[in-house]
Amino acid sequence: MTTYDLNTILDDWDKDSRIESDLSEASTKTPLLHAKYLRLYSEVKLRLRMQENNQKKLLKAKWLYYNGKMPKEDIDKRGWAYDPFDGMSKPLKGDMDYFYESDDEIVQSEDKIQYYKNMLETLKEILNNITWRHQTLRNAIEYKKFESGM
């Protein structure tokens with residue numbers, strides 16, 4: 001998979017979205033742009049799915065960890081502290097969400113998921129723009145005709 005980030009996609013689109021004066025070249029460029037951004041969309045969609053699956057595994061591991069059901073070997077392998085509550089008594093079941101929601105690894109995983117979702121939304125907008133690019137080109141051609149008195 002190609003490694004693209006949101007800034008790279010936006011920088012590329014900033015260049016790719018420009019329609020220069022050669023409208024026939026711009027017209028033939030449209031399918032290439034669609035192919036490029038559709039490939040990126042597909043790759044990001046797969047990365048999002050993999051991250052969502054990784055988060056499910058992380059959430060299971062954290063549940064085992066916070067509920068005292070994770071074997072010591074697994075805790076050692078992950079490099080986590082033996083006491084998730086730093087000496088406090090185990091919180092009530094209803095208070096456990098505070099620990100999950102503030103857990104650094106879970107927060108990082110959620111941030112990654114949101115980042116991929118943002119990339120997908122951006123790529124959808126780009127693809128939508130490419131889909132309607134022929135209208136922009138047609139309008140430019142009509143304007144050139146108008147300017148030349150046709």
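These values consider heavy atoms only, across backbone and side chains, with no hydrogens, waters or symmetry-generated copies.
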Report task. Carefully, step by step, assess Ile75 and Lys72 under the rule side chain to side chain contact (heavy atoms under 4.5 Å, CB included). Result -> CA-CA 5 Å; Ile75 294 173; Lys72 184 180 182 300; 5.5 Å; no
Query raised in the report: Same cluster or not: are Leu58 and Leu48 linked, directly or through other Ile, Leu, Val, Met, Phe, Trp or Tyr residues, by side-chain heavy atoms under 4.5 angstrom apart?
Result: no
Report summary line: Here the gap from Leu59 atom CG to Leu64 atom CG, rounded to the nearest 0.5 Å, amounts to 11.0 Å
Report task. Mark yes or no for whether Ser109, through its side chain, and Glu105, through its backbone, hold a donor-acceptor pair below 3.5 Å. Result -> no
Query raised in the report: Does Asp95 use its side chain to pair, donor to acceptor, with the backbone of Pro91 at less than 3.5 Å?
Result: no
Report task. Spell out, yes or no, whether Val107 and Trp80 are grouped together once hydrophobic residues are joined by side-chain heavy atoms under 4.5 Å, including indirect joins. Result -> no
Report task. Using modelled atom types only, decide if a donor and an acceptor are shared between the side chain of Tyr41 and the backbone of Glu121 within a distance under 3.5 Å. Result -> no
Query raised in the report: What is the minimum heavy-atom distance between Lys29 and Arg18, and which atoms define it?
Result: NZ-O, 4.3 Å
Query raised in the report: Met70 and Ala61: which non-hydrogen atoms are nearest, and at how many Å?
Result: CE-O, 3.2 Å
Query raised in the report: Out of curiosity, Tyr82 OH to Asp76 CG, how far, rounded to the nearest 0.5 Å?
Result: 3.0 Å
Requested in this report: Check whether any side-chain N or O of Ser42 sits under 3.5 Å from a backbone N or O of Leu38 as a donor-acceptor pair, and report yes or no.
Outcome: yes
Query raised in the report: Is a side-chain N or O of Tyr115 found less than 3.5 angstrom from the main chain of Leu6, in a donor-acceptor match?
Result: yes
Report task. Please round to the nearest 0.5 Å and tell me the distance separating atom CG of Asp12 and atom CD1 of Ile126. Result -> 8.5 Å
Query - Heavy-atom closest contact (Asp16 atom, Leu33 atom, distance) - result: CB-CD2, 3.4 Å
Query raised in the report: How far does NZ of Lys112 sit from CZ of Arg47, to the nearest 0.5 angstrom?
Result: 9.5 Å
Query - Flag side-chain contact, heavy atom, 4.5 Å: Gln114 against Lys117 - result: yes
Report task. Classify the angle between the aromatic ring planes of Phe99 and Phe85 as parallel (below 30°), tilted (30 to 60°) or perpendicular (above 60°). Result -> perpendicular
Query raised in the report: Would you say the side chain of Lys90 lies within less than 4.5 Å of the side chain of Asn67, judging by non-hydrogen atoms?
Result: yes
Report summary line: With Trp13 as partner, the option from Thr122, Ile130, Leu123 fulfilling side-chain contact (heavy atoms from CB on, under 4.5 Å) is Ile130
Report task. Work out which heavy atom in Tyr65 is nearest to a heavy atom in Ala81; give both atom names and the distance. Result -> OH-O, 2.6 Å
Query raised in the report: How far apart are the closest heavy atoms of Lys62 and Ile106, and which atoms are they?
Result: CG-CD1, 3.7 Å
Query raised in the report: Any ion pair linking Lys15 and Asp11 (charged N to carboxylate O, less than 4.0 Å)?
Result: no
**Report entry** Worked verdict on Lys69 versus Trp63 for side chain to side chain contact (heavy atoms under 4.5 Å, CB included)
**Finding:** CA-CA 8 Å; Lys69 299 175 189 263; Trp63 183 88; 3.7 Å; yes
Report task. For side chain to side chain donor-acceptor pair (under 3.5 Å), just list the numbers for Asn128 and Thr131, CA-CA rounded to whole Å, side-chain angles, deciding distance to a tenth of an Å, and then say yes or no. Result -> CA-CA 5 Å; Asn128 190 41; Thr131 299; 5.1 Å; no
Report summary line: Output for pair (Leu127 CG, Tyr37 OH), nearest 0.5 Å, gives 9.5 Å
**Report entry** Interatomic distance, Leu40 atom CG to Lys45 atom NZ [nearest 0.5 angstrom]
**Finding:** 14.5 Å
Requested in this report: Output yes when Arg39 and Glu43 qualify as a salt bridge under the 4.0 Å nitrogen-oxygen rule, no when they do not.
Outcome: yes
